[in-house]
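These notes are about the structure you will find just below.
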Amino acid sequence: MKAQCLGYFRLAKTEAWVQFCDAKKRSGMRRLLLMVVMLVMCAKVYGQEITQTIRGTVRDQESQSPLEGATMALLLGDSVITGAFTDTEGRFKLERVRTGRYTLRAAYVGYEPATIPNIIVNSGKEVVLNINLTEAVITTETVEIIAGKKDEARNEMALVSARQFTIDETRRYAGSWNDPARMASNFAGVMPNNDSRNDIIVRGNSPSGVLWRFNGIDIPNPNHFASFGTTGGPVSMLNNNVLDNSDFMTGAFPAEYGNALSAAFDLKMRKGNDEQYEFLGQFGFNGLEFMAEGPISKKTGASFLISYRYSTLELMKKIGIKFGTSSQPKYQDLSFNLHLPTSKIGTFSLFGVGGLSNALVLDSERDTADFFGPAGNDIDFATNTGVVGLQHQLFLSKNTLLKQTFSVQGSTQGTVVDRVDRFTKEPTPFYRNNSWQGKYSYNVALNAKMSTRHTLRTGMFVDRLMFSLYDSLQPDTTQGWRTLTGIDGHAFLLQPYAQWKWRLHEQLSLVGGVHAQLFTHNQSRAIEPRVAAKWAMSKRQSLGLAYGEHSQLQPIYVYFFRTRYANGTFATTNNDLGFTRNRHFVLSYDWTISRDFRIKAETYYQQLRNVPVEGGKSNSFSLLNEGSDYVVSIADSLT
């Protein structure tokens with residue numbers, strides 16, 4: 001029996017071995033066949049050129065009307081690769097362009113040519129460009145094409161202390177992290193506050209003096225974990241993948257920019273691809289991101305663009321990856337743009353950006369090996385910000401553009417701080433903040449190109465500010481809670497402006513304007529004249545000169561901070577504070593030594609006035625020193 005069983009086992013083993021060997025042979029043949037197929041496919045792909053499409057529109061710089069028949073030339077080095085002409089809508093398309101880095105030149109009869117360098121073409125996404133050309137003042141028989149400076153501002157009214165930046169630059173600069181603010185800290189006259197936040201100090205001013213403008217409307221702090229009264233934070237909510245080329249100004253900016261003392265970001269959101277669907281997924285420092293764009297209607301040119309990001313650190317925490325601390329921030333943000341052109345009533349755009357963020361730092365539950373978190377406190381800090389806008393653009397005539405934007409904005413801030421006993425680890429309530437600020441905003445602008453030499457732009461910002469500010473402190477449990485701020489209210493901030501550009505000659509341009517502000521809460525007023533001039537001394541050298549008066553409202557919560565008197569009564573002693581004012585004087589010099597070498601220098605002087613400071617000889621508190629941290633100090637009885 002034993003021999004029979006053993007023999008059966010050997011027979012079964014032999015048959016199994018034969019089957020196994022046959023299977024291995026078949027598997028080997030299959031693998032060999034698969035390798036041959038893959039090699040053939042790779043050879044076929046290698047033999048094919050990886051190409052992409054470059055397309056876009058060409059418009060008049062001042063009137064924004066499309067230019068038909070403009071010549072587009074794509075260059076690789078000094079060689080022209082391909083070219084095209086714009087159609088009746090100012091659109092052009094260059095197809096089957098190999099991946100790489102190119103330069104595009106645009107030329108049109110009667111207009112100054114433009115050069116767009118460093119255009120990156122890759123296989124994953126079409127390149128869509130919006131190009132503006134400036135009409136020449138004088139037409140001569142001989143025309144010499146000179147490459148334009150890549151960083152000239154998109155806003156033709158900004159002649160001095162302004163530059164355009166591309167989305168590629170937000171990736172290329174060291175430490176930029178795809179963040180416009182961190183990228184700007186690489187520019188001359190701009191410094192970061194510290195590595196943990198993206199606050200920028202422009203020419204020595206407080207970071208609170210920076211204006212963020214997004215698609216034509218002034219927006220609140222566009223950063224996660226952003227405290228009221230600040231303009232920066234650790235992580236930006238602005239996804240650079242949805243932004244278009246934008247402007248950054250460091251002083252003496254044009255009359256259309258107000259309520260800022262030091263600098264202004266004028267960010268543009270690009271529209272989605274209106275010809276084909278494109279999808280993006282990526283994982284990086286700023287988060288796990290998904291983006292989609294494409295046509296809503298190819299017939300009308302309507303398109304959509306939407307992007308969502310989720311915190312990288314929070315995602316890694318969920319899958320069990322530890323970073324030496326349990327106090328990891330979590331955040332998410334969403335951006336979108338719906339572009340809806342019509343044939344008769346203009347173009348509509350529905351856009352928005354918003355973010356949710358929360359950080360929980362609990363000393364009562366902190367491990368001894370945890371390297372992060374302030375000892376002695378349990379902190380729960382949450383901020384939410386959202387902006388939704390509807391923009392309408394309508395050509396009243398070929399050279400007159402009406403643009404109006406309505407938006408709804410809101411920011412909330414919630415802070416819970418408990419003191420933790422070092423021995424028992426029992427928390428005791430110490431500080432509470434549950435506040436929000438909102439705004440209804442309407443912006444209307446009329447841009448009229450009256451002739452080759454004269455352009456007029458006028459408009460008005462109407463903001464209805466709303467606020468609910470409540471925070472309290474309990475320094476000692478025996479004394480109970482003390483209310484620091486407790487107010488619900490609203491006020492209006494009105495900002496009319498007018499500016500005029502006069503091109504006296506091809507080499508000389510003047511821009512003059514005035515901006516005004518009225519804050520209805522305490523009837524504070526400001527009239528701000530602005531003037532700038534730029535003179536091209538030669539083909540390679542230019543001088544610029546600018547002067548501007550600039551005013552800024554104090555942070556809303558400062559007006560309602562309460563003073564407690566000895567008799568137990570309270571008063572809002574900061575209620576009558578006016579605008580802080582700053583005079584800017586700028587002299588600039590620009591010298592293009594060669595095609596690849598350029599020097600640009602600016603000398604500036606500024607005079608700050610009406611700065612809120614604490615009264616008394618022994619006190620040194622000033623609002624100019626605030627705005628670069630998670631906590632903004634407040635004092636009463638400011639003057």
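Heavy atoms only: backbone and side chains are in, while hydrogens, waters and symmetry mates are out.
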Any side-chain heavy-atom pair from [X] and [Y] closer than 4.5 angstrom?
X    : Y    : answer
Y102 : I81  : yes
T231 : W212 : yes
K318 : Y310 : yes
S262 : Q552 : no
I201 : N193 : yes
Q52  : V97  : no
T347 : K403 : no

Measure the spacing between [atom1] of [X] and [atom2] of [Y] and express it to the nearest 0.5 Å.
X    : Y    : atom1 : atom2 : answer
N122 : I50  : CG    : CD1   : 10.5 Å
F214 : M237 : CZ    : CE    : 9.5 Å
H339 : M269 : NE2   : CE    : 13.0 Å

Compute whether any side-chain donor of one residue and acceptor of the other, for [X] and [Y], lie under 3.5 angstrom apart.
X    : Y    : value
D380 : N358 : yes
N194 : S196 : yes
T383 : S357 : yes
N239 : E289 : yes
N198 : D179 : yes
N130 : T57  : yes
T170 : N240 : yes
R55  : N273 : yes
E602 : S161 : yes
D199 : S628 : no

Hey, is [atom1] on [X] packed in by over 12 heavy atoms from elsewhere, all under 6.0 Å?
X    : atom1 : answer
F85  : CZ    : no
Y440 : OH    : no
K268 : NZ    : yes
R98  : CZ    : no

**OP:** Please determine which of N447, N132, T134 meets the side chain to side chain contact (heavy atoms under 4.5 Å, CB included) test together with E156.
**Re:**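 For E156, the side chain to side chain contact (heavy atoms under 4.5 Å, CB included) test succeeds with only one of N447, N132, T134, which is N447.
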
Original post:
Has R197 got its NZ or CZ under 6.0 Å from the middle of the six-membered ring of Y630, at an angle within 45 degrees of the ring axis?
Top reply: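 Yes, cation above the ring, under 6.0 Å and within 45°.
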
Original post:
Does D266 come within less than 4.0 Å of R154, counting only side-chain N to carboxylate O?
Top reply: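 Looking at R154 together with D266, the answer is no, because their closest N to O distance does not fall below 4.0 Å.
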
Original post:
Can a salt bridge be assigned to the pair R91 and E275 using a cut-off of 4.0 Å between side-chain N and carboxylate O?
Top reply: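 Result for this pair is no, no salt bridge flagged.
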
Does [X] reach the main-chain N or O of [Y] with its side chain, forming a donor-acceptor pair under 3.5 Å?
X    : Y    : answer
T86  : L67  : yes
T405 : N443 : no
Q413 : N433 : no
R270 : N241 : yes

Could you check whether the rings of [X] and [Y] sit parallel, tilted or perpendicular, using 30° and 60° as the cut-offs?
X    : Y    : answer
F265 : F165 : perpendicular
H392 : F348 : parallel
F253 : Y257 : perpendicular

